[in-house]
There are 2 protein chains.
Amino acid sequence: MADQAPSQAELVVLKQLWASGEQSAREVHDQVATVTDWSYSTTRTLLARMVQKGLVEKRDSHGLALYAAGEAKVSLIGKMVKSFSQKVLELDGSLPVSAFSDSKLLDEGELDELSRLLEEDEDD
Amino acid sequence: MADQAPSQAELVVLKQLWASGEQSAREVHDQVATVTDWSYSTTRTLLARMVQKGLVEKRDSHGLALYAAGEAKVSLIGKMVKSFSQKVLELDGSLPVSAFSDSKLLDEGELDELSRLLEEDEDD
DNA sequence: AGCATCGTGTGACAAACGTAACATAAATGT
DNA sequence: ACATTTATGTTACGTTTGTCACACGATGCT
C-alpha cells in the first residue's frame with residue numbers, strides 16, 4: 001500500500017528493516033552505520049520521513065518507538081523493477097526474474113513470489 | 001565521460017537526443033512535449049542544467065544553440081543498469097542483457113554492445 | 001517603421017533529499 | 001542524589017529536481 005518510491009538512502013533503511021524486522025531507531029542505525037557513515041540523527045530523520053510517506057510503520061512498544069517496513073520486500077522491489085524496466089529500458093512486460101537469480105537480496109522463494117507478482121499485473 | 005546520473009526528467013531529454021541526434025531546444029521540446037506537458041521553459045532549463053552536469057553538450061551553430069547527448073546511449077544505459085543491479089537488486093555481476101531483448105530503447109546491435117560493455121568491467 | 005515571434009540568459013520558487021544539531025525528558029549507572 | 005547516556009521531538013540548511021516566468025535582443029512580417 002505504500003505508494004511513494006524510496007530514495008537511495010531510504011532503500012538502505014528499508015533493506016535493514018526487511019532483513020531484521022521491526023526494530024528501534026538505535027538498532028536500525030547501528031546496522032546501517034556499518035555501511036553508511038550517517039549520524040544517528042540522519043537515520044532518525046530518514047525513519048521519520050519514511051513514516052510520513054507510508055514507507056515505514058511506527059509503533060509504540062512500552063514507550064519505545066519501533067519501526068517496520070510498510071511494504072513487503074518482494075512487493076516493493078517488484079515495483080521498482082517494473083518502473084525501471086518501463087522508464088529506463090522501455091520494456092512492456094517486465095524483466096524475467098530468472099535474471100535476478102544471483103541476487104543477495106532475494107532468495108529463491110522470494111524470486112518465485114516476484115515472478116508471480118510481475119506476471120499478475122501484466123495487464124496494466 | 002559524463003559522470004552524473006540523469007534524473008527521470010533528464011532521461012526523457014536524453015532519449016530524445018539519442019533518438020534524433022543534435023537538435024535545437026525547440027526541436028527537443030516539440031518532441032518531448034508529446035510525452036510530457038512541460039512548458040518550453042522547462043525543457044530549456046533541463047537542457048541548461050544537463051550541460052552543466054556534462055550530460056549534454058551544447059554547440060553554437062551560426063548563432064543557434066544545438067544540443068547533443070554527452071554520452072552514448074548504450075554507455076549511459078549500461079551504467080544505469082549496473083547501478084540498479086547493484087544498489088537495488090544486489091547482484092554482483094550485472095543483469096544478463098538477454099533480458100532486455102524486448103526493449104524499445106535498444107536494438108539488437110546495441111544490446112550486443114551493451115553485453116560487451118557490461119562484461120568488460122566485470123572486474124571493478 | 002512597428003509589431004509579433006523566437007531564441008537566449010537569468011531569476012524564481014516549492015518540494016524532495018542528504019545530512020545533521022539542539023533541547024528536553026526519561027532511564028541508568030555509581 | 002547526581003552525572004551521564006539515551007530517546008524523542010523539533011529545527012535547520014545546503015543541494016537537487018520539477019516547473020516556470022520575465023526581460024532583452026535579433027529576425028521577420030506587414
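What's counted below: heavy atoms across the whole structure, side chains too, no hydrogens, waters or symmetry copies. Chain naming here is simple, since letters A, B, ... match the order of the sequence lines and numbering starts at 1 in each. Keep in mind that what you see is a predicted model, and the values were worked out from it rather than measured.
- As a whole-Å value, the separation of B/Leu66 CG from C/dG7 C1' is 12 Å.
- Under the 4.0 Å criterion applied to side-chain N and carboxylate O atoms, B/Glu10 and B/Arg49 are not assigned as salt-bridge partners.
- With hydrogens and angles left out, the side-chain atoms of B/Gln23 and B/Gln31 include no donor and acceptor closer than 3.5 Å.
- Rounded to an integer number of Å, the gap from CG of B/Leu47 to P of D/dT17 is 15 Å.
- Checking D/dG18, D/dT6, C/dC6 against the side-chain heavy atoms of A/Arg26 singles out D/dT6 as nearest.
- Among B/Tyr67, B/Trp38, B/Tyr40, the one residue that satisfies the ring pair (Phe, Tyr, Trp, His ring centres under 6.0 Å) test with B/His29 is B/Tyr40.
- In this structure, B/His62 atom NE2 and D/dA26 atom P are separated by 19 Å, rounded to whole Å.
- Across all strands, B/Asp60 comes closer than 4.0 Å to no nucleic acid atom at all (heavy-atom distances).
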Could you list all N or O pairs between the protein and nucleotides 9-11 of chain D that sit under 3.5 Å apart?
unit_1, atom_1, unit_2, atom_2, d
D/dG9, OP2, A/Lys58, NZ, 3.2
D/dG9, N7, A/Arg44, NH2, 2.5
D/dG9, O6, A/Arg44, NH2, 3.2

Going through the distances and angles, do B/Met80 and B/Leu11 end up as a side chain to side chain contact (heavy atoms under 4.5 Å, CB included)?
-> CA-CA 11 Å; B/Met80 294 182 72; B/Leu11 187 56; 4.1 Å; yes
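- Within the structure, a side-chain polar atom (N or O) of A/Thr42 is placed less than 4.0 Å from OP1 or OP2 of C/dA20.
- Donor-acceptor pairing under 3.5 Å, judged by distance alone, is present between the side chain of A/Arg49 and the base of C/dT19.
- The distance from atom CG of A/Leu64 to atom P of C/dA27 is 11 Å, rounded to the nearest whole Å.
- For DNA chain C, the neighbouring residues in residues 9-17 of chain A, judged by any heavy atom under 4.0 Å, are A/Ala9.
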Side chains of residues 59-66 of chain B: which donor-acceptor pairs under 3.5 Å do they make with residues two or more places apart or in other chains?
unit_1, atom_1, unit_2, atom_2, d
B/Arg59, NE, B/Glu22, OE2, 2.7
B/Arg59, NH2, B/Glu22, OE1, 2.9
B/Arg59, NH2, B/Glu22, OE2, 3.4
B/Asp60, OD1, B/His62, N, 3.4
B/Asp60, OD1, B/Gly63, N, 2.9

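- Proximity note for B/Leu46 (side chain, C-beta onward) versus D/dG18, C/dT8, D/dA7: the nearest is D/dG18.
- Atom P of nucleotide D/dG18 and atom CG of B/Asp37 are separated by 14 Å, given to the nearest angstrom.
- Spacing between atom NE2 of B/His29 and atom P of D/dT19 amounts to 13 Å, rounded to whole angstrom units.
- Put simply, A/Lys53 has no side-chain N or O that comes within less than 4.0 Å of OP1 or OP2 on C/dA15.
- With contacts defined as side-chain heavy-atom distances shorter than 4.5 Å, the pair B/Phe84/B/Leu91 does not qualify.
- Between B/Met50 atom CE and D/dT16 atom C1' the separation is 14 Å, expressed in whole Å.
- Atom-to-atom, CD of B/Gln52 to P of D/dG18 comes out at 16 Å; the value is rounded to the nearest Å.
- Here A/Gln86 contributes atom CD and A/Lys82 contributes atom NZ; the two are 6.0 Å apart, rounded to the nearest 0.5 Å.
- The two residues A/Val74 and A/Glu110 have their closest heavy-atom pair at CG2-CB, 3.7 Å.
- Atom CD of residue B/Glu27 and atom OG of residue B/Ser20 lie 8.5 Å apart, to the nearest 0.5 angstrom.
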